[in-house]
Amino acid sequence: MHPIQQLFQSIVSVTKDLYGQDLTEAELPLAPTRKEFEGDYTLVTFPLTRIARKSPDQIAEEIGNSLMSGYPDLVADVNVIKGFLNIGLSTRVWVSFLESLSRDGLPVFPRLDEKILVEYSSPNTNKPLHLGHIRNILLGWSMSRIFERTGYEAIRVQVINDRGIAICKSMLAWELYGDGATPESSGVKGDHLVGEYYVRFESEFKKEYAEWQSTADAEQRWKRYQAEAEKEKAISREDFFKGYKNAYFNEISPLGAKAREMLVKWEQGDAEVRGTWSMMNDWVYKGFHATYDALGVSFHKSYYESNTYLLGRDLVEDGLSRGVFYRQDDGSVWIDLTDEGLDRKILLRSDGTSVYMTQDLGTAKDRYEDYHANRMIYVVADEQNYHFQVLFAIMKKLGMPFADGMVHLSYGMVELPTGKMKSREGTVVDADDLIREVISEARSSAEERGDGDDIPAEEQERIYQQVGLAALKYHIIKVNPKKRMIFDPKESVDLQGHTGPYIQNAYVRIQSIFRKAGRPATEADLTGYDLAEGEKELLLLLSEYRQHILQAAEQYDPSHVANYAYAVAKAFHKFYHDFSVLRAESELAREVRLHLAAVTASILKDAMELIGIEMPDRM
RNA sequence: GGUCCCAUAGCUCAAUGGAUAGAGCAACUGCCUUCUAAGCAGUAGGUUACAGGUUCGAGUCCUGUUGGGAUCACCA
């Protein structure tokens, strides 16, 4: 049993004797003692004043004395400072706890008969993945691993937005200017190639729009606006045309007309359009797959919007018949959520076509029928908070059985030190570029240092990948998901300090010790060893692993695991500096330290695995 | 304008309502004939945006203010 559990039980029993009350964990705040005081755990006695009708100091004294006399094997010393009871556990307890940690391995969680579906990534097929996707992917992957670790079954899915006007733009530009280029003929990765045509479309469209602005037609529209606009609100000619872009695309632009025509043909199932569409999407999927591989993530299932975009219409009928939705005179269908503090929301346009919300309703039901998950988690940026609020509210109104298990894991957008990423300004950080960059940074850093010259080239390359990706992934995952994040590319390739490689390095040092020791930690009897302060500090931290995993699972926040792993690595580095393992002053000390090192390594490896980071044996 | 989120050291981030708010980076100073120096130790850096309130105790909870962000389409 964990020492804190033993202590907790003894305090419960002592307070029952003293004050005649059964107290729960919440009523007995027990926390690790701060560094500047003597002790392992601290009991805050203020909450007990009402029950005991005594001063905090008196209570602390009483509990402390009872613990000392009643549990001499467990409690070694106590001291009271301003109502805080600091309790030092006996070194025997700690040593035998180390033995059990070493013997039992990592924290075990009971298998739960509960499924959690996690949706993440959800890319569009007209562009390659970028930094924003990376944060999304790492969060989703990490949460799914944490769920698996804590006893759930996790289902990983992505939704691929493979249809719509955007991909038509890429297709059109490819047909007009592509000259039959393929990833093979051009040597460009498929998703990037398709992205290039999307950009090409936008720039051709921009040119077309600029030219049109000097025509008589454009001038006339500008004049008409000026005549109609209220004087105070009138905007400049430049601003007017900035805002007119959509209208131009939909009503006037020849390029826009062609793209929309393509969309219509796609919906009609036109063979030629569908052919180009699936060919180009296949290029993109190959490209995505390579990026996912590089990031070390995967999915159980991919949902394609082209298969699901018509879903949800039957739910609208159902909702209408039950009076949850209503039909307006023009034929459009709505739901009124004003009683929930939300707005009115459209579900079917007057022409009968559906909107995103309708589709999402249908997809959720579809997914539920596929997996019957108890919880469905959407990892989606916080710009869609309102969308999900509405989506979940509608599901509840429709009485869907899974409505209560819906969760939006909302994360803040990733920004650069120079501001937001904008594709139009070319400031989007490409995922593949970034991955390549961090790996090459790891390579040059190692070469500069001359480390691992004796390692075969192939393994070296593998290590550079592990180290580079650790830097990138850790840099992103250590931040609380809810917070908007400033991503400085310079810092993301840092290999020192509060970084992934720092944690890997602690692990690597341990592997090196065991290589030299020539054997694993044995099942030797460690009793009788008196732990030094630095050794106990590490052990106490190791004992906290379980609660940090649970916290991450409960709060949907992998950064807890990341920051915990750093704390462990830091404590180990200090331990490593202060104590010699192989040249320990006694056989017993050597054995104890081997155990400490072994437990540290397995916790570090496990924790990092939960956030998608691999540990090299050497670096 | 309505709703939601955020504000902590120069910068990037931590801190189950508990004691004197911690790390890393950047700056400066030490430590490799000893298990990997991608390390360790030290110096310096704070009115936790502001004002009230709740509490034995508030960076944390409540109210208001300011600043920043998001969102409120017959867009996706």
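Here the structure is a predicted model, which is why all the values come from computation and not from measurement. Below, each value reflects all heavy atoms present in this structure, side chains not excepted, and no hydrogens, waters or symmetry copies. Each chain gets a letter, A, B and so on, in the order its sequence line appears, and its residues count up from 1.
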So, is [X] near the phosphate of [N], with a side-chain N or O under 4.0 Å from OP1 or OP2?
| X | N | value |
| --- | --- | --- |
| R484(A) | U12(B) | no |
| R583(A) | U34(B) | no |
| K483(A) | C13(B) | no |

Partner set under side-chain contact (heavy atoms from CB on, under 4.5 Å) for [X], not counting sequence neighbours:
| X | result |
| --- | --- |
| A589(A) | Y529(A), A584(A), E585(A), S586(A), R593(A) |
| P3(A) | L89(A), V93(A), W94(A), F97(A) |
| V390(A) | L337(A), L342(A), K345(A), M357(A), Y386(A), I394(A) |

Where the side chain of [X] is concerned, which of [options] is the nearest nucleotide?
| X | options | result |
| --- | --- | --- |
| Y386(A) | C35(B), A76(B), U71(B) | U71(B) |
| H573(A) | C40(B), C4(B), A14(B) | C40(B) |
| V355(A) | A76(B), A14(B), C35(B) | A76(B) |
| K574(A) | A41(B), A38(B), C6(B) | A41(B) |
| Y502(A) | G69(B), C40(B), A38(B) | C40(B) |

Sequence-distant partners of [X], side chain to side chain donor-acceptor pair (under 3.5 Å), two or more places apart:
| X | value |
| --- | --- |
| R34(A) | E36(A) |
| E591(A) | R519(A), T522(A) |
| E267(A) | R163(A) |
| Y576(A) | none |

[X] [atom1] to [N] [atom2]: how many Å, rounded?
| X | N | atom1 | atom2 | answer |
| --- | --- | --- | --- | --- |
| R509(A) | U34(B) | CZ | C1' | 13 Å |
| L348(A) | C75(B) | CG | P | 12 Å |
| F575(A) | A41(B) | CZ | P | 14 Å |
| H595(A) | C35(B) | NE2 | P | 23 Å |
| I346(A) | A73(B) | CD1 | C1' | 9 Å |
| E267(A) | A76(B) | CD | P | 10 Å |
| N246(A) | A73(B) | CG | P | 15 Å |
| M357(A) | A73(B) | CE | P | 11 Å |

Under 4.0 Å, heavy atoms only, any strand: does [X] hit a base, just the sugar-phosphate, or nothing?
| X | result |
| --- | --- |
| V508(A) | base |
| L495(A) | base |
| E305(A) | sugar-phosphate |
| D343(A) | sugar-phosphate |
| F579(A) | base |
| M485(A) | sugar-phosphate |

Taking the six-membered ring for Trp and the full ring for Phe, Tyr or His, determine whether the centres of [X] and [Y] are under 6.0 Å apart.
| X | Y | value |
| --- | --- | --- |
| F201(A) | Y198(A) | no |
| Y356(A) | H387(A) | yes |
| F8(A) | Y41(A) | no |
| Y244(A) | Y248(A) | no |
| W266(A) | Y309(A) | yes |

Say we look at [N] and [M]: how far apart would their [atom1] atoms be, to the nearest angstrom?
| N | M | atom1 | value |
| --- | --- | --- | --- |
| A27(B) | C11(B) | C1' | 13 Å |
| U60(B) | A19(B) | C1' | 16 Å |
| A49(B) | U55(B) | P | 23 Å |
| G53(B) | G59(B) | P | 15 Å |
| C32(B) | A38(B) | C1' | 14 Å |
| U20(B) | G57(B) | C1' | 15 Å |
| U47(B) | A21(B) | P | 12 Å |
| G42(B) | G52(B) | P | 38 Å |

Dot-bracket, RNA chain B: Watson-Crick or G-U, under 3.5 angstrom, [ ] crossing, | other strand?
(((((((..((((....[...)))).(((((.......))))).....(((((..]....))))))))))))....
Should the pair K54(A)-E62(A) be classified as a salt bridge under the 4.0 Å nitrogen-to-oxygen rule?
yes
With nearest nucleotide decided by heavy atoms, which residue, S445(A) or D351(A), maps closer to the 5′ end of RNA chain B?
S445(A)
Residues E448(A), S445(A); criterion side chain to side chain donor-acceptor pair (under 3.5 Å); working and verdict:
CA-CA 5 Å; E448(A) 196 180 302; S445(A) 169; over 6 Å; no
The reported gap from CD1 in I477(A) to CE in M608(A) (rounded to nearest 0.5 angstrom) is 11.0 Å
Enumerate all atom pairs, one protein N or O and one N or O from nucleotides 31-33 of chain B, separated by less than 3.5 Å.
none

Per-nucleotide protein contact string for nucleotides 15-25 of chain B (B base, S sugar-phosphate only, - none; heavy atom under 4.0 Å):
SB-BBS-SSSS
Qualifying side chain to side chain donor-acceptor pair (under 3.5 Å) pairs, either residue in residues 469-480 of chain A, two or more places apart
Y474(A)-H498(A)
Mind telling me if C32(B) is syn or anti? Syn here is a glycosidic angle within 90° of 0.
syn
Show each protein N/O and nucleotides 57-60 of chain B N/O combination with a separation under 3.5 Å, one pair to a line.
none

If you count heavy atoms of other groups shown closer than 6.0 angstrom to CD of E38(A), is the number above 12?
no
